[in-house]
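Only one structure is covered here, and it is reproduced in the block below.
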Number of protein chains: 2
Amino acid sequence: MFEPDPVVSIGEFSRLTYLSVKTLRHYHDVGLLEPAAIDPSTGYRRYSLDQVPRAHLIRRLRDLDMPVPEVRAVLRAPDDVARDATIRSHLERMEAELARTRGVVASLRELLSSAPSAPLAVTFLDVPVQPVFAVRATVAALDAGGWYADARLLLDSALAHVDARAAGPHGATWAHEYFEDERGEVVAFVPVPRGAAPRARDVAAGVESIELAGGRFAVAEHLGGFDDFDRTYGALGSHVVRHAAGLPDAIREVYRVGPDGDDPSVARTDVYWPVRATA
Amino acid sequence: MFEPDPVVSIGEFSRLTYLSVKTLRHYHDVGLLEPAAIDPSTGYRRYSLDQVPRAHLIRRLRDLDMPVPEVRAVLRAPDDVARDATIRSHLERMEAELARTRGVVASLRELLSSAPSAPLAVTFLDVPVQPVFAVRATVAALDAGGWYADARLLLDSALAHVDARAAGPHGATWAHEYFEDERGEVVAFVPVPRGAAPRARDVAAGVESIELAGGRFAVAEHLGGFDDFDRTYGALGSHVVRHAAGLPDAIREVYRVGPDGDDPSVARTDVYWPVRATA
DNA sequence: TTCGACCCTCCGGCAACGGGAGAGTCAACA
DNA sequence: TGTTGACTCTCCCGTTGCCGGAGGGTCGAA
């Protein structure tokens, strides 16, 4: 007694799955959920009842804004381990996004609290050439956080193997295109004593030994996390526009005090904005 | 000594605001942030430094996914009260969204927990005609929650004024198009004793006195909140496909036990799926 | 003058569908 | 056996908030 699973029309399947007819057709087009059969003469889609659970899974994943290609990966996962890994990584991204959102909300409140934003203290400094270990890449703004964390690990590792202390706090330079296109060259660096050279294997991993150019900079201290960086940039850049002439060189940040675990409010960053040397 | 605020090029303004050049041009197009001046011969945009704080505010609101028209409303708000109201309502929507997401995650875990989902108990019932007070509307799936809450208030108010008890728990019928197009006619109802009639003023508010058609239904009980409704529908509908013939009439839900505040797990809903009467 | 960096305006594309037109199909009732 | 009326099909375009790129003008310092 073999009883095949009955098939239903797209409208009926829609009621069984809470997916709209349009959506079902779309999932067919993109290969997420192929009908069990298609009438060759009329083109009518026929869905089998055993496709219902699969549709329910798709619905949940899509409700969590998982991108369609990823949903496809989950559905095609060879085993539960691979499947759960994909799902978990998506949930982690959602967590990260939530944390970011919380930061932005806090920063928004701050901005609206009408504390007339203490006028930023800006000083002009002539900075000498600085030997550093550096890791360089063209990075999109969205990836910058993760990329910098990796780069920093590389730098620390290189540093640990040359029997020298860092000659100052970590930092990074950010090219103009990074701001204008949300993607540009970034150089993560850590100052080293003159003459220090990384091991060949660190060089192979991407660590360079270079010198940061010296010159004149307008400098301001940024307090707190990344969500408020724009305010310091705005104030510092405005100051430069008013009182000096900017240069097309990369902006430099020096992370004197990092965030304390989850609390970004203790962070201290010096922002160096390159300006024309006064004659 | 009047010193006008300096103006800067779009690229420089981009650095002051952390907004990409493309984005700034886009905000110009959609009227979010008009440059302070435009060179009539070259078309070059010039931004004034005093536009920086406004740009920062826009950035934060957009980072919270506030739609552009709403951002515009915030910027044009006549006073801080109106402005904060718009922002608060957006934050509330984000909270609601977050709650929904949590529900979906829980429901996803449940689905994946491989508890082989106890086979749903389905019974067939012949239901008599039922007089009800009803509120009727064509509703989109996204608005259904809020709409039903309002409708229920109307029904309860109508009921309170006719000196009659409800003759059964609240419920609603959902037309086929509601599932197929994510938008369709919904009738919220509460059973009343035969002969009860609402006040004229409740009628004016949208309350009708009608009779729900009787007939044969496949009935199953759904446990818990809305995020899992698709599973009950899937199981119930599949059962109908296998053992009866469905009808194009609206599906009926009876909310026997509602969610307990934030806890949807105690809710009990009977789902009535119309089927052809057995001859 | 000349070069490279900067700026302009289109035009097209993205994700994941929804709306709607125009036309073919199906099933139940008369 | 028609004849509805509900159902389904395939395009094609629109949505939101930008990004990428082409093709071409502008600016400023050497």
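Below, chain A is the first sequence line, B the second, and so on; all start at residue 1.
When the P atom of D:dT8 is taken as reference, atom CZ of A:Arg46 falls 8 Å away, rounded to whole Å. With rounding to whole Å, A:Leu61 atom CG is found 18 Å from C:dA15 atom P. Summarising the geometry, the separation between CG on B:Asp249 and C1' on C:dA28 is reported as 14 Å, rounded to the nearest angstrom. Atom-to-atom, CZ of A:Arg15 to C1' of D:dT8 comes out at 13 Å; the value is rounded to the nearest Å. For the pair A:Arg59 CZ and C:dA16 P, the interatomic distance rounds to 17 Å; values are reported in whole Å. Note: CD1 (B:Ile38) to P (D:dT26) measures 16 Å, nearest angstrom. Atom CZ in A:Arg25 sits about 7 Å away from atom P in D:dT10, given to the nearest Å. The distance from atom NE2 of B:His28 to atom P of C:dC7 is 15 Å, rounded to the nearest whole Å.
For the salt bridge (Lys or Arg N to Asp or Glu O under 4.0 Å) test, residues two or more places apart in sequence or in another chain that qualify with B:Glu180 are A:Arg15. Remark: A:Glu34 pairs with no residue by the salt bridge (Lys or Arg N to Asp or Glu O under 4.0 Å) rule, at least two apart or across chains. For B:Asp126, the salt bridge (Lys or Arg N to Asp or Glu O under 4.0 Å) criterion is met by B:Arg216, not counting sequence neighbours. When the salt bridge (Lys or Arg N to Asp or Glu O under 4.0 Å) test is applied to A:Arg54, no partner is found at least two apart in sequence or on another chain. Partners of A:Asp227 by side-chain hydrogen bond (donor to acceptor under 3.5 Å, both in side chains), not counting sequence neighbours: none found. Residues that satisfy the side chain to side chain contact (heavy atoms under 4.5 Å, CB included) test with B:Ala36, not counting sequence neighbours, are B:Ser48, B:Gln51.
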Pairs under 3.5 Å (N/O, protein and nucleotides 22-24 of chain C):
residue, atom, partner, partner atom, Å
C:dG24, N2, A:Tyr44, OH, 2.8

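Using five terminal pairs a side, the axes of the helix from C:dT1-D:dA30 to C:dA30-D:dT1 at its two ends make an angle of 20°, given in steps of 10 degrees.
Looking at the side chain of A:Ile10, the nearest of the listed nucleotides C:dC7, D:dT8, C:dT9 is D:dT8.
Tested against B:Tyr272 for a ring pair (Phe, Tyr, Trp, His ring centres under 6.0 Å), the candidates B:Phe217, B:Phe124, B:Tyr233 yield a single pass: B:Phe217.
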Letter per nucleotide, 5' to 3', of nucleotides 15-22 of chain D [B base touched, S only sugar-phosphate touched, - untouched; heavy atoms, 4.0 Å]:
--SBSBB-

Show me the donor-acceptor pairs, under 3.5 Å and distance only, between side chains in residues 22-31 of chain B and residues at least two apart or in other chains.
residue, atom, partner, partner atom, Å
B:Thr23, OG1, B:Ser20, OG, 2.8
B:His28, ND1, B:Arg45, NE, 2.9

Using distance only, find each side-chain donor-acceptor pair of residues 96-108 of chain A under 3.5 Å and give its atom names and separation, not counting sequence neighbours.
residue, atom, partner, partner atom, Å
A:Glu97, OE1, A:Arg100, NE, 3.4
A:Glu97, OE2, A:Arg100, NE, 3.4
A:Glu97, OE2, A:Arg100, NH2, 2.8
A:Arg100, NH2, B:Asp63, O, 3.1
A:Thr101, OG1, A:Glu97, O, 3.0
A:Ser107, OG, A:Asp228, OD1, 2.9
A:Ser107, OG, B:Arg60, NE, 2.4
A:Ser107, OG, B:Arg60, NH2, 3.1

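Applying the ring pair (Phe, Tyr, Trp, His ring centres under 6.0 Å) test to every pair with at least one member in residues 42-66 of chain A, sequence neighbours left out, gives these pairs: A:Phe13-A:Tyr47.
Residue-level contact check: A:Arg45 touches the backbone only, with heavy atoms under 4.0 Å from sugar-phosphate atoms and none from bases.
Between B:Asp230 and A:Arg59 there is a salt bridge, since a side-chain N of the basic residue sits under 4.0 Å from a carboxylate O of the acidic one.
Place B:Asp39 and A:Glu12 on DNA chain D by their nearest nucleotides, and A:Glu12 ends up nearer the 5' end.
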